[in-house]
Amino acid sequence: MKLPKQLWIMILLLLAFGQFATAQISVTRQKVTKDISMEVPESFIPMSQSELISKYVSSRTPIAMYTSEDRNIDLGINETSSAWAGDDLPILQAFYKANIANLFTEVEFLQEEIREIGGRTFIVFEFISKITDEESTFGGNSSISKYTYIQYTLRNNKVLLFNFTCPLRARAQWQETAQRMMESVRVRS
């Protein structure tokens with residue numbers, strides 16, 4: 001049986017796209033500060049001050065913010081300004097889970113645990129979020145869905161957080177790399 005030319009082209013395009021979607025993303029170890037290092041995609045660039053202001057509202061400047069060349073995927077490292085006394089990570093985990101749940105219309109947690117990474121204890125959340133704007137400009141509902149991998153650790157009674165976010169449509173391409181980056185975090189006290 002002979003297949004039509006259009007079908008062959010469609011098969012080749014699907015195979016090429018499949019290879020692209022599962023391609024390994026190249027990362028390199030970055031020294032974020034003198035005490036923090038982690039693997040970061042080679043294609044990521046530091047976020048400019050104007051991009052930072054337009055994308056993230058915060059009273060504190062992050063330690064570092066990286067973004068993809070198309071500005072759709074972000075990796076941030078930040079430290080809270082408030083002190084956290086003690087080392088009771090289950091309470092901190094419950095606090096941040098409730099905070100995450102309140103930020104979005106819907107949240108599906110894929111992972112929530114406390115684990116050791118590089119000799120340090122981290123709270124880890126991996127989730128899919130959705131924000132729905134029921135009063136969009138044209139009268140219908142609009143929504144934004146994202147994939148996020150975020151982890152927290154305590155250092156000098158402050159919370160250090162590492163946050164990776166991408167559009168949900170890019171999850172299949174980035175999830176493995178996000179997990180690898182977060183596993184690579186090293187923090188010296």
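Just so it is clear, the model here is predicted, and its values are computed rather than measured.
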Point to revise | Residues forming a side-chain hydrogen bond (donor to acceptor under 3.5 Å, both in side chains) with T148, sequence neighbours excluded | key: none

**Study point:** side-chain hydrogen bond (donor to acceptor under 3.5 Å, both in side chains) contacts touching residues 114-125 (sequence neighbours left out)
**Key:** Q111-R115, E113-R115, R115-Y149, R115-E183, R120-S189

Review point. What residues form a ring pair (Phe, Tyr, Trp, His ring centres under 6.0 Å) with Y66, not counting sequence neighbours?
Key: none

Review point. F127 versus Y147: any side-chain heavy-atom pair under 4.5 Å?
Key: no

Point to revise | salt bridge (charged side-chain N to carboxylate O under 4.0 Å, His left out) partners of E106, counting only residues at least two apart | key: none

Review point. Should V107 and I128 count as side-chain neighbours, where that means a heavy-atom distance under 4.5 Å?
Key: no

Revision key, fill the gap. With sequence neighbours left out, the residues meeting side-chain hydrogen bond (donor to acceptor under 3.5 Å, both in side chains) with D70 are S68, N72

Practice item. Answer yes or no: is there a side-chain heavy-atom contact under 4.5 Å between E126 and Q175? Key: yes

**Study point:** Side chains of D74 and T67, donor plus acceptor under 3.5 Å
**Key:** yes

Review point. Hey, would you say the F125 and Y96 ring centroids sit under 6.0 Å apart?
Key: no

Point to revise | For F162, ring pair (Phe, Tyr, Trp, His ring centres under 6.0 Å) partners two or more places apart | key: none

Exercise for review: For residues N78 and P62, report the shortest heavy-atom separation together with the two atoms involved.
Suggested key: OD1-CA, 3.5 Å

Study note, to complete from the structure: Residue set satisfying ring pair (Phe, Tyr, Trp, His ring centres under 6.0 Å) with F95, at least two apart, ordered chain then number -> none

Practice item. Please identify each residue that fulfils side-chain hydrogen bond (donor to acceptor under 3.5 Å, both in side chains) with T153, with sequence neighbours left out. Key: none

Review point. Among pairs that include at least one residue of residues 149-160, which meet salt bridge (charged side-chain N to carboxylate O under 4.0 Å, His left out), considering only residues two or more places apart or in two chains?
Key: D35-R155, E79-R155

Review point. Quick one: hydrophobic cluster around I144, which other residues, with the 4.5 Å side-chain cut-off, linked directly or via members?
Key: none

Review point. Do W84 and I123 belong together in a cluster built from hydrophobic side chains that touch within less than 4.5 Å?
Key: yes

Which atom pairs, one a donor and one an acceptor, fall under 3.5 Å between side chains of residues 36-49 and the rest of the protein, sequence neighbours left out?
| unit_1 | atom_1 | unit_2 | atom_2 | d |
| --- | --- | --- | --- | --- |
| S37 | OG | R29 | NH1 | 2.9 |
| E42 | OE1 | S26 | OG | 3.0 |
| E42 | OE2 | S26 | OG | 3.2 |
| S48 | OG | S50 | OG | 3.2 |
| S48 | OG | E51 | N | 3.1 |
| S48 | OG | E51 | OE1 | 3.2 |

Review point. Are F104 and L161 connected in the hydrophobic side-chain network, where two residues link if heavy atoms are under 4.5 Å apart?
Key: yes

**Study point:** F122: partners by ring pair (Phe, Tyr, Trp, His ring centres under 6.0 Å), with sequence neighbours left out
**Key:** none

Point to revise | Side-chain heavy-atom pair Q173, I25 within 4.5 angstrom cut-off | key: yes

